[in-house]
Number of protein chains: 2
Amino acid sequence: MKKISQKTIERGVFYIRTLEALLKDGQTLISSNQLANITGFSDAQIRKDISSFGKVGRPGIGYSTAELRNILQDFVLKNEVVHVALFGVGSLGAAILKYPGFHKDGIKLVAAFDKMKNKVGATINGVKVYDPKRAVDVIKKTHADIGVIAVPKEHSQEVADIIVLSGLRGIVNFSPISIAVPKNVMVKNIDLRVEFFSLFCNMQYNCGI
Amino acid sequence: MKKISQKTIERGVFYIRTLEALLKDGQTLISSNQLANITGFSDAQIRKDISSFGKVGRPGIGYSTAELRNILQDFVLKNEVVHVALFGVGSLGAAILKYPGFHKDGIKLVAAFDKMKNKVGATINGVKVYDPKRAVDVIKKTHADIGVIAVPKEHSQEVADIIVLSGLRGIVNFSPISIAVPKNVMVKNIDLRVEFFSLFCNMQYNCGI
DNA sequence: AAAACATTGTTAATTATTTCACGAATTATG
DNA sequence: CATAATTCGTGAAATAATTAACAATGTTTT
Ligand SMILES: NC(=O)c1ccc[n+]([C@@H]2O[C@H](COP(=O)([O-])OP(=O)(O)OC[C@H]3O[C@@H](n4cnc5c(N)ncnc54)[C@H](O)[C@@H]3O)[C@@H](O)[C@H]2O)c1
Ligand SMILES: NC(=O)c1ccc[n+]([C@@H]2O[C@H](COP(=O)([O-])OP(=O)(O)OC[C@H]3O[C@@H](n4cnc5c(N)ncnc54)[C@H](O)[C@@H]3O)[C@@H](O)[C@H]2O)c1
């Protein structure tokens, strides 16, 4: 079987959310061209991406919205649910905990950790907040897959170390600092400052000159 | 002058934050190799990126941390501050408003908007919350550069339309739905579900098989 | 001051990604 | 039924991005 690139996978997940919106509207068929108009990717790109998952569409017709969604979802999730452990129940962490959108589809927050004594023991939206000292244990017991870092940057590396020690192989890092991890651990950095700056710069640079 | 790619710009912003951390630690020199170890990009990549901004380093020595930071920062920001207007003061929006990290460096939240009457009129962290009906006016008056969408997805398109109408050319969209905008408007989508799923999938797929 | 070492900037080679273009499949229409 | 109109899947062509390699330059050591 062909190797499926990281980029194809990322776009694939993006297609899933679009297909779900279409399904909700009752649209049973979708062409690569329509999907292109909605998502902003090119139709050729979309066809090529989809083709790496098999022959899903019908020439002259398009793709069955539901079938395509299922095939992509199956590949990405294999009928599983992604279990997430959150570090740092501050304003960002609390927003993530409170967000009801995850629960519906494939993402389950299984545990939260915070250093502050007055936060430990609380249950937010069904998720218990633990002392980070118990993290290794709790993460193993709750079968977490991914760790989220939402602590102040001074503590990010220490949290990253705990996450790695617990055996997790994926981290989403919201703190504005690079963390060092073994190279079999994947890290996704989400840094709003980086997003704002690079967007601003690209706006000026690409449109202006 | 050479065209600088979007990717180079994105990495450039990433380098800036690393250089700032190094400066704080009193490190006055940095080599592409060290920067590579910290950021995870290759040293060749880093040298190539930096070279598009001019001859900054000294062979045999490395880069002056401060000088490199300044050159990158100048290019990205041109001594300006990015002015941001936020739509939706819910849990995510409030986290962004309360975050003190932006104010320090180059990002200024200039206005917030929320539909709920009881939120309008409040001032959070020095930023006033307005009725979205006044958005076009307020955005012009406050010289916003970028709009942030942090409203429920059902309202995202209507907010996007307001942002475009106000003359902004950059949008950061946190809602899990694609928005339609004229093609001279740049959109950055930040969708946590996409991040979690694609990370999960890449973890399994790249390490497993 | 020569030899050994470190590190940049840059060109060339390599690899990855996107776009193009068209045959094949399918439906609709006159 | 033949012709027009869609639309997929895909190999080939074109672009873009990354990595490798190394000459040039500067430092340190002996
Ligand atoms: N809020 C935002 O909009 C925003 C934007 C960009 C980046 N960030 C980054 O996200 C991170 C969190 O931001 P925030 O605004 O939620 O901060 P916050 O200060 O509101 O919350 C941080 C929480 O982490 C907890 N914590 C500290 N050390 C810990 C440890 N070792 N283990 C577990 N918990 C620990 C603290 O007790 C606190 O509750 C920061 O790194 C920040 O720079 C936030
Ligand atoms: N909280 C999270 O962790 C998280 C994670 C992923 C995605 N998101 C997305 O981010 C967005 C915001 O999430 P949230 O958790 O803050 O939601 P929220 O419900 O807490 O807040 C949404 C806010 O938007 C306001 N609003 C609604 N329509 C508006 C309009 N037309 N103009 C201005 N304001 C309007 C509401 O009054 C409310 O205050 C949603 O689209 C959500 O799907 C949130």
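Note that the structure is a prediction, hence the values are computed from the model and not measured. A, B, ... follow the sequence lines: proteins, then strands. Residue 1 opens every chain. Side chains included, hydrogens not; waters and symmetry mates left out as well; all remaining heavy atoms used.
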Anything under 3.5 Å between a donor and an acceptor, one on a side chain of residues 186-193 of chain A, the other on a protein residue two or more places apart or in another chain? List them.
residue	atom	partner	partner atom	Å
A:Lys188	NZ	A:Glu10	OE2	2.8
A:Lys188	NZ	B:Ser198	OG	3.1
A:Asn189	OD1	A:Asn173	ND2	3.0
A:Asp191	OD1	A:Arg193	N	2.9
A:Asp191	OD1	A:Val194	N	3.4
A:Asp191	OD2	B:Arg17	NH1	2.6
A:Arg193	NH2	B:Glu20	OE1	3.2

When you check every protein heavy atom under 4.0 Å of nucleotides 22-30 of chain D, what one-letter string (B, S, -) results, 5' to 3'?
---BSS---
Tell me every residue that passes side chain to side chain contact (heavy atoms under 4.5 Å, CB included) with B:Pro100, counting only those two or more places apart in sequence or in another chain.
none
Check this one for me: any side-chain N or O of B:Lys55 less than 4.0 Å away from OP1 or OP2 of C:dT10?
yes
Validation row: A:Leu72, A:Phe53 side chains within 4.5 angstrom (heavy atoms):
yes
Taken to the nearest whole Å, CD/A:Glu10 to C1'/C:dA16 is 15 Å
Below the 4.0 Å mark, does D:dG9 have OP1 or OP2 next to a side-chain nitrogen or oxygen of A:Tyr63?
yes
At a heavy-atom distance below 4.0 Å, what parts of residues 14-32 of chain A sit against DNA chain D?
A:Ser31, A:Ser32
NZ/NE/NH1/NH2 to OD/OE distance under 4.0 Å, B:Lys115 and B:Glu158:
yes
Indicate every side-chain donor-acceptor pair of residues 81-99 of chain A with a distance under 3.5 Å to a residue at least two apart or in another chain.
residue	atom	partner	partner atom	Å
A:His83	ND1	A:Val81	O	3.4
A:His83	ND1	A:Asp145	OD2	3.4

Rounded to whole angstrom units, what separation is found between the CD1 atom of A:Ile46 and the P atom of D:dC8?
10 Å
What is the distance from CG of A:Asn33 to P of D:dG9, rounded to the nearest Å?
14 Å
What integer distance in Å separates B:Ile50:CD1 from C:dT10:P?
12 Å
Looking at residues at least two apart in the chain, or sitting in another chain, which of them share a side-chain hydrogen bond (donor to acceptor under 3.5 Å, both in side chains) with B:Asp161?
B:Gln157
Provide, to the nearest angstrom, the distance between the CG atom belonging to B:Leu68 and the P atom belonging to C:dT7.
15 Å
With sequence neighbours left out, the residues meeting side chain to side chain contact (heavy atoms under 4.5 Å, CB included) with B:Leu168 are B:Ile139, B:Ala144, B:Ile163
Can you name the side-chain hydrogen bond (donor to acceptor under 3.5 Å, both in side chains) partners of B:Ser32, sequence neighbours left out?
B:Arg47
Among residues at least two apart in sequence or on other chains, which ones pass side-chain hydrogen bond (donor to acceptor under 3.5 Å, both in side chains) with B:Tyr15?
B:Asp49
Who passes side chain to side chain contact (heavy atoms under 4.5 Å, CB included) against B:Thr28, sequence neighbours left out?
none
To the nearest Å, give me how far apart CG (A:Asp43) and C1' (C:dC22) are.
14 Å
Pairs involving residues 140-192 of chain A, ordered by first then second residue, that meet ring pair (Phe, Tyr, Trp, His ring centres under 6.0 Å) (sequence neighbours left out)
none
In B/S/- notation (B base, S sugar-phosphate only, - none; protein heavy atoms under 4.0 Å), nucleotides 12-18 of chain D written 5' to 3' is B----SS
